[in-house]
Every structure is written in structure tokens, then in C-alpha cells.
Protein chains: 2
Amino acid sequence: MATDTYTRILDSAQSLIVTRGYNAFSYADIAAAVGVGKATIHHHFPGKADLAVAVIARYRQATVDGMGAIAARVTQADMRLRAYVGFWEQCIRDDNAPFCIAALLASELPSLPPEVVEQVKAHFDELIDRLAGFIDEGLRSGALKSPDNAETSARVLVASVHGAMLAARVAGGDAALFSRITQPALQRLTG
Amino acid sequence: MATDTYTRILDSAQSLIVTRGYNAFSYADIAAAVGVGKATIHHHFPGKADLAVAVIARYRQATVDGMGAIAARVTQADMRLRAYVGFWEQCIRDDNAPFCIAALLASELPSLPPEVVEQVKAHFDELIDRLAGFIDEGLRSGALKSPDNAETSARVLVASVHGAMLAARVAGGDAALFSRITQPALQRLTG
DNA sequence: GGTTGTCTACCGACTAGTTGGTCTGGAGTC
DNA sequence: GACTCCAGACCAACTAGTCGGTAGACAACC
């Protein structure tokens, strides 16, 4: 199912989307990066939208898995939130995947094919849902505090992370700036 | 200097960038929207980067003017910040220009021509500077409070606004959601 | 008061290159 | 021999950008 070429195309597409967005990468870019013909990409992903959908679908799964791993590994609610934010800080620091592709695609939303829009929305819903789960648990146990409900608190935290990503990107990949900006949103919940 | 056609091209480019970003609009789009030939656009703006630079430069001026107007009209520091956030809430509600073009371009930053990158960075610097000015004044007078310095506080607020814009766009232009997400960042300063 | 020259504003037709996508066909495998 | 995987050549449509040329405004000159 997931052959090597298939995965490498997906990897390449993902890193191109992270740096350029949906509209500024082409089949030729991927073909050159992976070292295959353009037709090979079409073989695995009939259209550009299919490719993007596959990238986000995998990204969504990775997010769900990652949040699940945090839930399993970390027991304290405040540390779970710190792990989420810390993950992105590390990504920016390593210049690995220094931007959430869903956030990037969200900004381009009005110019995206409907299937892609659907995936982006689904990712946001999922992410908010998982974080709200962490926060809800923390509020019940008294480990966290917030004047708002868990869902709103999660949205505020995510917005802070996305805004901080933008700021870090403008500052040339400044992970320390990202950390500085996201800290208040964390402190607001962790006290 | 600034003829009618010139301004209309600029207007059209700006609204196209707001909805689609830099890479997903073309000279043909603008030509069709304005009702002129493509060559006319090239006459006023030799290259696509020149056009984008002109759009952002005008946007920067409008931002500086707008912040100046707030400073002149509103005396209380907390109300100045509310005016800034409220401006964007209104833009989203009216579906007028429901996204900051600099924030949108910032997400595409790695794929942008250097002249455009420069303008985007300059806008961020200017915006942070003006807001930090408001906050600094408020901190001195005791109208605002913050554990951080004015510059960091301004960055946190801007990140919150940009993150909330993304959330509102994903939610289909939900101005109430934008307001709900930005409120904590305001409350943090206004108490 | 014509004539000439120069300027800006604009257009239709063009270019070279790129876009996503299709077609045919070959190599390897089960 | 059917199937998956892949490449090369190709396509129409589109991209930013260029070309020569036109229409009008303004001025200078004789």
C-alpha cells in the first residue's frame, strides 16, 4: 500500500507545503526532489488536491497519535499542555517542520479545493477537541484553572501557538520568541 | 501620480491577496476585475513583486494612520487596545477585509520575493512598536498591568489577534469566535 | 495657430516558460 | 499474463512579462 516512493512523495509534498503553502508548490518540484517523473506522482495521487488531502490526513493522524502519546506519557494536565507547546518550540528550533501545515493552509483557505478545506477544518476540530480534553481533566482535578470553559481555553491556546508561529517565522525562525509569546497563554491555565 | 486605474489595480490586488495570498493571484485576475489589459498593470507595476510591495506599503501607511487616529481619539490605554482588536472584529463581521494581509503573507514568507519579505517584516515591526507604545503608556499610568515588558505584551496581543483570525477564517468568518479568543489577551492587560 | 516633440496612459498580440494532467509503454513481480 | 510501479513524451491552459503601437494632454517653437 504505502510504498517507498508513495511515502517519499508525501514527505516531499508536506515539506513543500510547510515552506510555501498549497499554491506555490508544483508537481515538478516534487518530481525533482524525489527523483521521479511527474507521472509517478499522478499515479499515486491523481490530482493535486488528492495529494494535499493525503498529506493532511497523515498529518491529522500524526497529531492524534502525538496527542495520544502525550496523554499516555504525561499525567499532569499542565505538563501535557507544556508538552504540546514544547513540541512546536522544538520543531522551530530544529528548523524541522517549523510551521503547522493546517495553520498555513487555513490562511489560504478561500483559494483551496473543497476537499482540502474539509481536511483543514477537521484537523482544527480534532486538535481543539484533544486539547479541550486535557484542559477539562485539569480543571476538574484542580490542576488547571480558567475563567472560560475547556473548549474556549483550548481555542485560546491554539490561537496563541499559531500567532506565535507567525511571529517566529517573521523573525527568521526564532524559537525563543515563540516560547516567549506562548508562555502567557500557558501561565493563564497553569497559574 | 495616483490615477484612478492605478488605485483600482492596487485595490483589486489587495483584496485578492487577502483571500488568496501572494502565490494564488495573477495579473489576469486583476485585469479582469479592473477591466484593463494585463499590459496596463505592468505599466504601473513592472513586476508582480512591485505590485505586492506597493500594496503592503499602502497597507503599512493605513496601519500607521489608523493607530495614530486611535491615539488621537482614545485617551485610555485599555480602550486603545480594545479599539485595535475591535477594528479587526468589525472587519471580520463585515467580511470586508477579514484578514491581515501581512499575517497572510508572513505564513508564505519563505516563498516570497525578498522585497516583499522586507515589507512584511517592516509592518510587523511598526505594528508591535505602536502597540508597545500604547501599552508602555498604560503601564506607566497604571491603567494597564502586565508581568512582561511592553514589547513582549504587544507581541502576545498581536499573536492572539493573528491566531484568532485564523480560527475565525476556519470557522467561516465567525466574528464572535474571534472576539472570544482575543478577549483573554486583552483582559490580561486590562485586568 | 498650426506644427512638432514629448510625456503618460493604455491596449492587443505576442513570448518563453510553467502549470496540472494524460497517454503509451516498459520493467519487475506474483 | 495480470498487476503494480514507474518513465518519457506530450497536451491545453495558464503564468509573468515584453513588444510595438495608439490616443490624448501639454508644452515649445516658428
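First the proteins, then the strands, lettered A, B, ... as listed; each starts at 1.
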Please tabulate, one pair per line, all N/O donor-acceptor pairs under 3.5 Å involving side-chain atoms of residues 64-79 of chain A, not counting sequence neighbours.
{"from": "A:Asp65", "atom 1": "OD1", "to": "A:Gln61", "atom 2": "NE2", "distance (Å)": "2.9"}

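- For residues 46-72 of chain B, the pairs satisfying ring pair (Phe, Tyr, Trp, His ring centres under 6.0 Å) are B:Tyr59-B:His123, with sequence neighbours left out.
- Residues passing the side-chain contact (heavy atoms from CB on, under 4.5 Å) test with B:Val34 are B:Arg8, B:Ile9, B:Ser12, B:Ile30, B:Val36, sequence neighbours excluded.
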Identify each donor-acceptor pair in which a side-chain atom of residues 92-106 of chain A lies under 3.5 Å from a protein atom, sequence neighbours left out, and give them as a table.
{"from": "A:Arg93", "atom 1": "NH1", "to": "A:Glu89", "atom 2": "OE2", "distance (Å)": "3.0"}
{"from": "A:Arg93", "atom 1": "NH2", "to": "A:Glu89", "atom 2": "OE2", "distance (Å)": "3.4"}
{"from": "A:Asp94", "atom 1": "OD1", "to": "A:Gln90", "atom 2": "NE2", "distance (Å)": "3.0"}
{"from": "A:Asp94", "atom 1": "OD2", "to": "A:Gln90", "atom 2": "NE2", "distance (Å)": "3.4"}

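- Looking at residues 105-114 of chain A, you'll see that no heavy atom sits under 4.0 Å from any atom of DNA chain D.
- Listed by first and then second residue, the side chain to side chain donor-acceptor pair (under 3.5 Å) pairs that reach into residues 163-179 of chain B come to none, sequence neighbours excluded.
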Under 4.0 Å protein heavy-atom contacts per nucleotide of nucleotides 22-30 of chain C, with B for base, S for backbone only and - for none: BB-------

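- Residue pairs that meet the side chain to side chain donor-acceptor pair (under 3.5 Å) test with at least one member in residues 99-108 of chain A, sequence neighbours left out, are A:Asn23-A:Glu108, A:Ser107-B:Ser107.
- Listed by first and then second residue, the ring pair (Phe, Tyr, Trp, His ring centres under 6.0 Å) pairs that reach into residues 171-191 of chain B come to none, sequence neighbours excluded.
- Remark: nothing in residues 14-33 of chain B comes within less than 4.0 Å of DNA chain C through any heavy atom.
- Annotation: ring pair (Phe, Tyr, Trp, His ring centres under 6.0 Å) contacts involving residues 13-40 of chain A, sequence neighbours excluded, comprise A:Tyr27-A:His42.
- Evaluation of the side chain to side chain donor-acceptor pair (under 3.5 Å) test over residues 181-191 of chain A, restricted to residues two or more places apart or in two chains, returns A:Arg82-A:Thr190, A:Asp148-A:Arg188.
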